[in-house]
Amino acid sequence: MIEQNAAPAAPGPVLRPVRGASRCAVAALALAAVAWAARAVWHLRLSAAGEPASGPPDQGGGVHRPLNALEDSYHLVASVGSAVTAVCVLAFLFWLDQVRDNAKALSGTARATGTPGSGWAGSCPS
């Protein structure tokens with residue numbers, strides 16, 4: 001029997017966990033999709049209801065009429081949708097940062113960030 005003594009393998013690169021961040025980003029994207037669908041439903045409801053007899057909200061000359069319940073609820077839905085979209089963006093950027101760090105660790109080279117425009121270089125076709 002021949003014994004081979006192989007040198008111990010060098011430890012691999014240390015990777016940041018991305019599974020939790022990816023699940024959060026996907027969940028936030030799903031919530032943003034639901035929020036935008038709700039906003040679309042409110043657009044349809046506003047369209048079907050038509051303009052109230054009292055006219056548009058802006059009466060001209062700095063005069064505004066009070067909003068009805070449907071218009072008021074639309075503003076609430078739109079605000080919540082905007083907040084959920086902002087959370088989705090933050091979750092995605094957090095995930096992207098972790099994935100970029102893992103790509104850097106796996107490649108063994110640093111990103112090229114020498115000039116201010118080099119961050120956009122990957123997104124611009126040459």
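All values below come from the heavy atoms of this structure, side chains included, with hydrogens, waters and symmetry mates left out.
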Minimum heavy-atom separation for Ala91 and Ala28, please, with both atom names.
CB-CB, 4.2 Å
What closest approach, in Å, do Leu15 and Ala105 show between heavy atoms, and which atom pair accounts for it?
CD2-CB, 4.1 Å
If Ile, Leu, Val, Met, Phe, Trp and Tyr residues are connected whenever their side-chain heavy atoms lie under 4.5 Å apart, and connections chain through other members, are Leu31 and Val80 in the same group?
yes
Check whether any side-chain heavy atom of Leu46 sits under 4.5 Å from a side-chain heavy atom of Tyr74, and report yes or no.
yes
Closest non-hydrogen contact found for Leu70 with Ala49 is CD2-CB, 3.8 Å
So do the side chains of Arg16 and Asp97 get within less than 4.5 Å of each other, counting heavy atoms only?
yes
Might you point out which heavy atoms bring Cys88 and Ala32 nearest each other, and give the distance in Å?
CB-CB, 4.2 Å
When you measure from the centre of the six-membered ring of Trp36, is the NZ or CZ of Arg39 under 6.0 Å away and within 45° of the axis?
yes
With clusters defined by side-chain heavy atoms of hydrophobic residues (ILVMFWY) lying less than 4.5 Å apart, directly or transitively, does Val89 cluster with Phe92?
yes
Is the shortest distance from a Lys or Arg side-chain nitrogen in Arg65 or Glu71 to a carboxylate oxygen in the other one below 4.0 Å?
yes
Residues at least two apart in sequence or cross-chain that pass side-chain contact (heavy atoms from CB on, under 4.5 Å) with Ser22, listed by chain then number, are Trp95
For Pro17 and Gln98, work out which heavy atoms get closest and say how close.
O-OE1, 3.0 Å
